[in-house]
K.L.:
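Quick one: the structure is below, and I'll ask about it shortly.
All chains are named by letter (A, B, ...) in the order of the sequence lines, taking the proteins before the strands, and each is independently numbered beginning at 1. What you are looking at is a predicted structure, and each value in this text was computed from that prediction instead of being measured.
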Amino acid sequence: MIDRQAFRRSFETMQADLARRNADVIAPESAWGRARALDIKQRDLKVQAEALQAERNRVSKLIGQKKGKGDDASTELAAMGEVSRQVKALETQAKEAEAKFSAVLLEIPNPLHASVPDGNSEDDNVEIRRWGEIRSDNVPAHWDIGTDLGILDFEAGATLAGSRFTVLRGAAARLERALMQFMLNTHVDQHGYDEVWVPAIVNRKTMTGTGQLPKFEDDLYKLEGEDAFLIPTAEVPVTNLYQDQILDASTLPRRHCAYTPCFRREAGSAGRDVRGMIRQHQFDKVELVHLTTVERALSDLEELTGHAEAILQALELPYRLVELCSADIGFSAQKTYDLEVWLPSQKCYREISSCSAFGQFQGRRAGIRYREEGGKPQAVATLNGSALAIGRTLVAILENHWNADGSVTIPAVLQPYMGGMQSIS
RNA sequence: GGAGAGAUGUCUGAGUGGUUGAAGGAGCACGCCUGGAAAGCGUGUGUGUCUUAACGGGCACCGAGGGUUCGAAUCCCUCUCUCUCCGCCA
């Protein structure tokens, strides 16, 4: 959520930052376009209502005093009946206006950080660096590799649940589990993260805190008969771990890692990546989440991204780091780096991690604040990133470590988690 | 799922219609005292929002949302959550 004060004081600046995403974001009929009038109305009604409330409180107190002394208060009582009716009417109007303004604020995306490059589409994302050797020979698609080895069962996934579900068998199932363990252990033991295990179902408030709601309800699985949703990422429950709390600044940064399954309806991606397990309705992911101070809102992003890169390097997977341009950054983020792994069968880089800084955007929405010694509470800065999406990592391993004889070599760091298995054949 | 009890500030714990944003205690901060500390004494110690250049002021908040009333932490309704017992269950 954007800052109300900044919205009033720095309207033009904020509008310019938002417009960099897309001109539609500041169109007159957009949330942003409607916000200013709603704010003015909201404040106007609030001032009126509160003035009358003050009057009511003053006289009511007087009535109490008079009655306490046994004096007659019938004059005041008679006058207050009407005032009270007016107060009630104004209160209702003010509350409605405030609710409308708040609702519209929730639909305005995070203004971009100044360092974000301009662009019109994902094609304008900026490559920062590459790592690893790309193989240039022809490698089959992971769905063929996996099917031939008998470890990926797409038919069973479709039978059990529908399209975009896959059953992992044998070595693939174990590889999935090994990746989970390896990633978590690395983050806990080497990067100093505090591991948490959280619900995969959350309520509406939690989903609003990190920005998935109210705008993107169609992308989520909603539970029938309950106001609850399956999480699309661990970011949601982990960040919201501290919702409506005031943290002591000395306890920041808090850095958590978590494994969760993730559920996405993929509503807008019909026809894309329909084969294989690049784009699934359910996938596993290890997520990193930082809650930190305003000063470190952005600087921690480099560190967090580095932690995700460490996993790719350990798994010997070639990748590149890309900075998303203004048109491609998600609703809640201020700045985002994507890590894209090389997929030899597609001869291109595909997203395997997205690391974002959110500034105080989520902190404000979720009511997560911190206090410096003697200072006023202010919203925490949040960051998060996948490290990594496990299904896509498995895909990348199958393709990048595929051998001409059809087998797949298991990266050395994973072999202990695979019972010493060195390759899948 | 059934029955009952409960939800108050950092914590504990009063408060069943009026000057209560909220007693008392603890904690914490500052000061006094002390060679230093403890004890003791004193003072202070919520959040949000609106307004103001600022000082300050207004309003709201006692789980959430409604209602009754001139006036609600206190009365009524709905919901959420917690605890206990029963049922069910990995």
Side-chain angles (χ1 to χ4, degrees), chain A residues 1-11 35-106 197-209 213 223-229 237 240-252 261 360-380:
Chain A
M1 187 160 56
I2 58 168
D3 176 52
R4 289 159 100 115
Q5 301 303 322
F7 170 67
R8 286 163 203 148
R9 280 200 287 260
S10 321
F11 185 86
R36 198 171 210 177
L38 288 172
D39 184 30
I40 290 166
K41 183 177 180 192
Q42 176 260 139
R43 280 188 288 165
D44 181 51
L45 284 167
K46 204 173 269 181
V47 169
Q48 287 184 50
E50 287 179 2
L52 213 55
Q53 281 174 325
E55 169 68 5
R56 183 195 64 189
N57 291 347
R58 189 183 65 78
V59 178
S60 288
K61 202 169 269 190
L62 193 69
I63 292 170
Q65 286 169 354
K66 282 201 169 188
K67 286 203 164 178
K69 284 187 285 189
D71 293 350
D72 174 55
S74 53
T75 321
E76 287 84 356
L77 277 172
M80 277 302 98
E82 179 53 25
V83 171
S84 187
R85 258 188 300 281
Q86 287 177 27
V87 167
K88 213 156 280 181
L90 269 173
E91 256 179 352
T92 308
Q93 288 180 49
K95 226 175 248 183
E96 276 170 11
E98 154 69 31
K100 269 188 196 164
F101 179 55
S102 298
V104 95
L105 285 186
L106 288 176
W197 199 95
V198 294
I201 298 175
V202 300
N203 58 31
R204 181 172 294 273
K205 182 180 179 188
T206 297
M207 211 55 106
T208 305
L213 290 180
L223 300 199
E224 175 100 35
E226 291 183 56
D227 207 19
F229 305 82
N240 279 286
L241 225 37
Y242 301 99
Q243 69 175 219
D244 293 324
Q245 290 184 36
I246 301 178
L247 309 171
D248 196 300
S250 65
T251 68
L252 299 179
Q360 295 174 284
F361 190 81
Q362 293 182 325
R364 275 186 220 105
R365 292 173 82 102
I368 309 169
R369 292 167 292 168
Y370 72 101
R371 190 183 349 237
E372 303 276 7
E373 180 89 34
K376 286 224 154 226
Q378 58 178 325
V380 294

K.L.:
Write out a two-atom table: protein N or O, nucleotide N or O from nucleotides 67-69 of chain B, distance below 3.5 Å.
P.N.:
none

K.L.:
Quick one: on RNA chain B, does Gly64(A) or Asp39(A) contact a more 5' nucleotide (nearest heavy atom)?
P.N.:
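So the residue in question is Gly64(A).
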K.L.:
Give me the distance, rounded to whole Å, that separates rA38(B) from rG27(B) when you measure between the P atoms they each carry.
P.N.:
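Between the two P atoms, the distance is 12 Å.
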K.L.:
Charged N to carboxylate O under 4.0 angstrom, Arg58(A) versus Glu55(A)?
P.N.:
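Yes, charged N to carboxylate O under 4.0 Å.
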K.L.:
Ignoring hydrogens, what is the shortest heavy-atom contact between Ala249(A) and Glu372(A)? Give both atom names and the distance.
P.N.:
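So the two residues come closest at CB-OE1, 3.5 Å.
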K.L.:
Might you point out which heavy atoms bring Phe101(A) and Gln42(A) nearest each other, and give the distance in Å?
P.N.:
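Closest approach of Phe101(A) to Gln42(A), heavy atoms only: CD2-NE2, 3.5 Å.
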K.L.:
Do Thr206(A) and Asn203(A) pair up side chain to side chain, a donor and an acceptor below 3.5 Å, judged on atom types alone?
P.N.:
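Short answer, yes.
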K.L.:
Regarding Gln48(A) and Asp44(A), is there a side-chain donor-to-acceptor distance under 3.5 Å anywhere?
P.N.:
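Judged by distance alone, the side chains do pair up.
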K.L.:
Hey, where does RNA chain B pair up into stems, meaning at least three consecutive Watson-Crick or G-U pairs with distances under 3.5 Å?
P.N.:
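The stems that RNA chain B takes part in, listed by first number, are B:1-7 with B:80-86, B:10-12 with B:24-26, B:27-32 with B:40-45, B:46-51 with B:56-61, B:63-67 with B:75-79.
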K.L.:
Could you tell me the separation between the CG atom of Leu90(A) and the P atom of rC50(B), rounded to a whole number of Å?
P.N.:
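Whole-Å distance recorded here is 17 Å.
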K.L.:
Which residue, Glu98(A) or Leu77(A), contacts RNA chain B at a nucleotide closer to its 5' end, judged by nearest heavy atom?
P.N.:
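Taking each residue's closest nucleotide, the earlier one in sequence belongs to Glu98(A).
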K.L.:
Rounded to the nearest angstrom, tell me the gap between atom CZ in Arg371(A) and atom P in rC28(B).
P.N.:
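It works out to 16 Å between those atoms.
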K.L.:
Given the C1' atoms of rU43(B) and rC33(B), what is the spacing between them in whole Å?
P.N.:
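Here rU43(B) and rC33(B) have their C1' atoms 15 Å from each other.
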K.L.:
Any side-chain N or O of Arg4(A) less than 4.0 Å from the OP1 or OP2 oxygen of rG48(B)?
P.N.:
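So the side chain of Arg4(A) is outside the cut-off, no N or O lying under 4.0 Å from OP1 or OP2 of rG48(B).
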K.L.:
Just by modelled atom types, is the Ala379(A) backbone N or O under 3.5 Å from a matching donor or acceptor in the Gln360(A) side chain?
P.N.:
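It does hold such a pair.
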K.L.:
Taking rC81(B) as the reference, what is the distance to rA29(B) when you measure between their C1' atoms (whole Å, please)?
P.N.:
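Roughly 34 Å separates the two C1' atoms.
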K.L.:
If I pick the C1' atom on rG57(B) and the same atom on rG4(B), what distance separates them, to the nearest angstrom?
P.N.:
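The answer is 48 Å between these two C1' atoms.
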K.L.:
Between Arg365(A) and Leu106(A) (side chain of the first, backbone of the second, donor and acceptor by atom type, cut-off under 3.5 Å), is there such a pair?
P.N.:
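Here the side-chain-to-backbone pair exists.
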K.L.:
From CG of Asp3(A) over to P of rC50(B), roughly how many Å is that when rounded to an integer?
P.N.:
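In whole Å, rC50(B) P lies 10 Å from Asp3(A) CG.
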K.L.:
How close or far is atom C1' of rG65(B) from atom CD of Glu96(A), stated in whole angstroms?
P.N.:
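Rounding to the nearest Å, CD of Glu96(A) and C1' of rG65(B) are 15 Å apart.
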K.L.:
May I have the distance from Lys41(A) (atom NZ) to rC50(B) (atom P), rounded to whole angstrom?
P.N.:
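To the nearest whole Å, that distance equals 17 Å.
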K.L.:
Do NZ/NE/NH1/NH2 and the carboxylate oxygens of Arg85(A) and Glu82(A) come within less than 4.0 Å?
P.N.:
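Here Arg85(A) pairs with Glu82(A) in a salt bridge, since their nearest N and O are under 4.0 Å apart.
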K.L.:
How far does the P atom of rC28(B) sit from the matching atom of rC11(B), given to the nearest Å?
P.N.:
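These two P atoms come out 15 Å apart once rounded.
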K.L.:
Could you verify whether a donor N or O on one side chain and an acceptor N or O on the other, from Glu98(A) and Ser102(A), lie under 3.5 Å apart?
P.N.:
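Yes, because at least one side-chain N or O of Glu98(A) sits under 3.5 Å from a partner of the opposite role on Ser102(A).
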K.L.:
With the sugar-phosphate defined as primed atoms, P, OP1 and OP2, and the base as all remaining atoms, what B/S/- string results for nucleotides 51-64 of chain B, 5' to 3', for protein heavy atoms under 4.0 Å?
P.N.:
S------BBS----
